[in-house]
Amino acid sequence: MSESKSIHIAIVGGGIGGVVLAIALSKFPNLTFTIFESRSAFGEIGAGLGFGANSHLAMKLISPLIWKNYKKRASFNGWPEKEDVWFDFTVGEKGEGWEGKRIAEVKMEDGVTQSTCHRAHFLEELVRLLPEGYDVQFNKKLVGVDQSSEKVSLKFADGTESFADAVVGCDGIRSATRGFVYDDPKLVSPRFTGKVAYRGLVPMAKTEAVLGKEKANNRHMYLGHGGHVLTFPVGKGMMMNVVAFADSQSDTWEGEWIQPLQHESMTRDFGHWGESVVKIMELIQGPDVWAIFEHPEVPSFHESRVCLLGDAAHATSPHFGQGAGMALEDAYVLSNLLGSCKSRDEIEKAFDAYDSVRVPRALKVTAMSRKQGELLDMKEEESGDDLEKIASSLNKEVRWIWDADLRAHLKEAVEVFEKSRS
Ligand SMILES: Cc1cc2nc3c(=O)[nH]c(=O)nc-3n(C[C@H](O)[C@H](O)[C@H](O)COP(=O)(O)OP(=O)(O)OC[C@H]3O[C@@H](n4cnc5c(N)ncnc54)[C@H](O)[C@@H]3O)c2cc1C
């Protein structure tokens, strides 16, 4: 095998980010990969995921088959007249002349600008697109990385060791790989955002009976002071996904990040809201409560031949629904750069070029998302609970994320890479 055909990448983590990266790398004849996943099989939680135009474009650019398969499982807005509506935003709190007040109907360029999907369905479709005979090792929990030799060594909790030319940590928000990229512990650990999210899936027939067909089948967001609730159809309209964000009782978070059955606290946070929100809360039978964390700003996503992608690199609060979308964009850029490497010696240059475009965009999305959370909870500094100001921001901010020209984004990274080679 010639040098150019022998770059082997270890992908740590077989979630959406890791599997998409594997599909993307498999297009390039100079690259091989192994996925190391800590679980015993590929798997995702039972919850919905939203994608915007930028994420759709990243799917298409990585492989048209991702988009084709995704579309088979995704839900777009239920009603034709709502096809181009991102979300209908109304006031969800109680109060005469306040409850149910229309804030904004944010329109998109066309009906495929936003979609939603059950996470497990998307991962299933992605796994189908891995190349024949792909290399995956389950029950491999990464615990150590050593870059002191020619090959990078990966150590696993079961005592085994493996080697690769480079490592891409796609191991999520609590990434172990991250600990081998940053020396400063403050950069390694995610920080609590002070918000929690109650999440649940409700069968559509039940939802329609309680909320009516329009509210059940289209994307809605109910805003109030200190919280907001969003609902959208998933599973080809068979289920409604609910995510209700509230301020936590404390600035710090103790215990598990995902906890089951929190009816009491959900009632404390939303029981006094308006009729629609109270009905939505009653529909959720076994809501999980998620503590929302995000990563601090970092100067780079790599250290020598160890790089980060997706939540491992830049976990964001989910107020623009962009975490998995950013992982798709990362995979598009990184795979093309690695695919251009003529030898192992160029891997670090490829990682530098990846950093040059991905760090600014991912960190900006994380900061924007934090601000969006405040906006939706009616406590953003400039808009507070002024519905006109909220509407104006809702109509504007998200478009910078959606409208990204990803081809130009990659071109910029390739130019940085080419320059560093000359
Ligand atoms: C409430 C909420 C709502 C969200 N909504 C959206 C949305 O609408 N749209 C959107 O785009 N994003 C959304 N996100 C973000 C999205 O869930 C994440 O960005 C996405 O799942 C990240 O994928 P990933 O592959 O990087 O990480 P993960 O999905 O976390 O996958 C990591 C994988 O690595 C494995 N792993 C972990 N540690 C190790 C180890 N040491 N060794 C080996 N393997 C390991 C795990 O088992 C897992 O399979 C939301 C997040 C939250 C919390």
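This is a predicted model, so every value here is computed, not measured. Just follow the structure's listing: the first ligand is 1, and inside any ligand the first atom is 1. When reading the values below, keep in mind they use all heavy atoms of this one structure, side chains included, and skip hydrogens, waters and symmetry mates.
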Discussion item. Quick check with a 6.0 Å cut-off and a 45 degree axis cone: is R361 positioned over the face of W400's six-membered ring?
Written reply: yes
Item to complete: Only one of K101, R219, R102 passes salt bridge (charged side-chain N to carboxylate O under 4.0 Å, His left out) with D88; say which it is.
Response: R102
Practice prompt. Please confirm whether F245 and Y198 have ring centers closer than 6.0 angstrom.
Written response: no
Could you tell me whether [X] and [Y] make a salt bridge, using a distance below 4.0 angstrom between a side-chain N and a carboxylate O?
{"X": "K94", "Y": "E99", "value": "no"}
{"X": "D171", "Y": "R178", "value": "no"}
{"X": "K279", "Y": "E275", "value": "yes"}

Worksheet item: Which parts of the protein, at residue level, reach under 4.0 Å of ligand 1 through a heavy atom?
Response: V12, G13, G14, G15, I16, G17, F36, E37, S38, R39, E44, L49, G50, F51, R119, K140, K141, L142, C170, D171, G172, A176, R199, W290, G310, D311, P318, G321, Q322, G323, A324, G325
